[in-house]
Amino acid sequence: MRTLYYDCFAGLSGDMNLGAMIDLGVEPDYLIKNLALLGLEAQYKIQIKKDQKHGIYGTKVDVIELDQQQGHSHDHDHKHDHKHDHDHDHNHDHEHQPHSHNRDHSHPVAHHHRTFGDIKKIIDNSGLSERVKKDSLLMFKIIAEAEGKIHNNPIDDVHFHEVGAIDSIVDIVGAAICYEALNVSRVLASTVEVGSGFVKCAHGLMPIPAPATAEILTGVPIKI
């Protein structure tokens with residue numbers, strides 16, 4: 001059994017997680033090739049490079065959303081630290097249900113208004129392996145259940161805002177691809193550092209951890 005352990009001394013964004021997975025041995029071309037199986041490659045590009053911070057070198061991954069109507073790109077380097085909660089399986093054994101979204105590029109779903117049902121269709125209709133489908137959908141389902149409870153909506157109707165954006169889809173599905181590539185059997189984490197203060201979300205100014213994040217972390221040891 002191979003265990004992946006996160007030492008959560010600080011926040012971790014989805015693209016930071018992908019960089020860490022590449023440093024652990026996932027080939028960048030393998031990650032990019034498998035992400036293309038989602039059928040959404042016209043909506044984003046991935047930049048991978050070596051970078052350093054405080055003298056420590058590692059791999060930096062940027063998922064850049066492409067504006068298909070105006071030909072512009074938007075670098076989502078503003079991801080919030082609390083997003084690392086979505087990439088961790090604190091007690092789940094990767095039992096996930098496959099689902100996905102329509103690969104028809106002529107009628108893309110607006111990225112700020114994808115529902116959990118939309119994302120299930122994307123993944124179900126993709127060429128991803130069954131394990132990657134299951135792992136991806138477990139992560140999305142955890143988020144959808146938390147959002148559904150907070151907003152009193154059925155999970156298939158939950159509207160993902162930040163998490164429904166293309167960069168977040170790439171981050172979460174990319175994590176599942178990397179776990180399969182590394183043959184990870186389980187994912188564990190230390191006490192989660194959640195931070196404090198406020199963050200601006202689609203629903204306005206929210207305390208950190210935001211309500212859905214706090215719901216996901218129910219029963220999980222945290223520190224501020």
Are side-chain heavy atoms of [X] and [Y] found at a separation under 4.5 Å?
| X | Y | result |
| --- | --- | --- |
| Ile169 | Phe140 | yes |
| Ser190 | Phe9 | no |
| Asp118 | Phe160 | no |
| Asp157 | Thr115 | no |
| Lys50 | Asp23 | yes |
| Leu4 | Met21 | yes |
| Val63 | Asp171 | yes |
| Tyr44 | Asp167 | no |

message: Let's go through Ile22 and Val61 carefully: what are the C-alpha distance in whole Å and the side-chain angles of both, what is the deciding distance for side chain to side chain contact (heavy atoms under 4.5 Å, CB included) to 0.1 Å, and is it a yes or a no?
response: CA-CA 9 Å; Ile22 290 171; Val61 175; 3.9 Å; yes

Transitive ILVMFWY side-chain link [X] to [Y], under 4.5 Å:
| X | Y | result |
| --- | --- | --- |
| Ile32 | Leu128 | yes |
| Val194 | Phe198 | no |
| Leu37 | Val173 | yes |
| Ile150 | Ile216 | no |

message: Between Val26 and Tyr179, does the side chain to side chain contact (heavy atoms under 4.5 Å, CB included) criterion hold? Intermediate values first, please.
response: CA-CA 9 Å; Val26 177; Tyr179 295 162; over 6 Å; no

Nearest 0.5 Å please: distance from the [atom1] atom of [X] over to the [atom2] atom of [Y].
| X | Y | atom1 | atom2 | answer |
| --- | --- | --- | --- | --- |
| Asp135 | Arg131 | CG | CZ | 5.0 Å |
| Leu38 | Ser136 | CG | OG | 7.5 Å |
| Ile172 | Ile143 | CD1 | CD1 | 4.0 Å |
| Leu66 | Glu41 | CG | CD | 11.0 Å |
| Ile64 | Lys45 | CD1 | NZ | 5.0 Å |
| Glu130 | Glu180 | CD | CD | 10.0 Å |

Does [X] have more than 12 heavy atoms from other residues, nucleotides or ligands lying within 6.0 Å of its [atom1]?
| X | atom1 | value |
| --- | --- | --- |
| Leu205 | CG | yes |
| Tyr5 | OH | yes |
| Glu27 | CD | no |

Could you report the tightest heavy-atom contact between [X] and [Y], atom names first, then the distance?
| X | Y | result |
| --- | --- | --- |
| Pro211 | Met206 | CD-SD, 3.8 Å |
| Leu18 | Cys178 | CD2-SG, 4.2 Å |
| Pro209 | Thr213 | CB-CG2, 4.0 Å |
| Ile166 | Gln43 | CG2-O, 3.9 Å |

field: Residues Glu215, Lys149: salt bridge by 4.0 Å N-O rule
entry: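 Salt bridge flag = yes for Lys149 with Glu215.
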
- prompt: Can Asp51 and Lys53 be counted as an ion pair, charged N to O under 4.0 angstrom?
  reply: no

task: Using only heavy-atom distances, determine whether the side chains of Arg2 and Ser185 contain a donor-acceptor pair under 3.5 Å.
output: no

field: Val192 vs Tyr6, side chain to side chain contact (heavy atoms under 4.5 Å, CB included): CA-CA, chis, key distance, verdict
entry: CA-CA 9 Å; Val192 177; Tyr6 286 87; over 6 Å; no

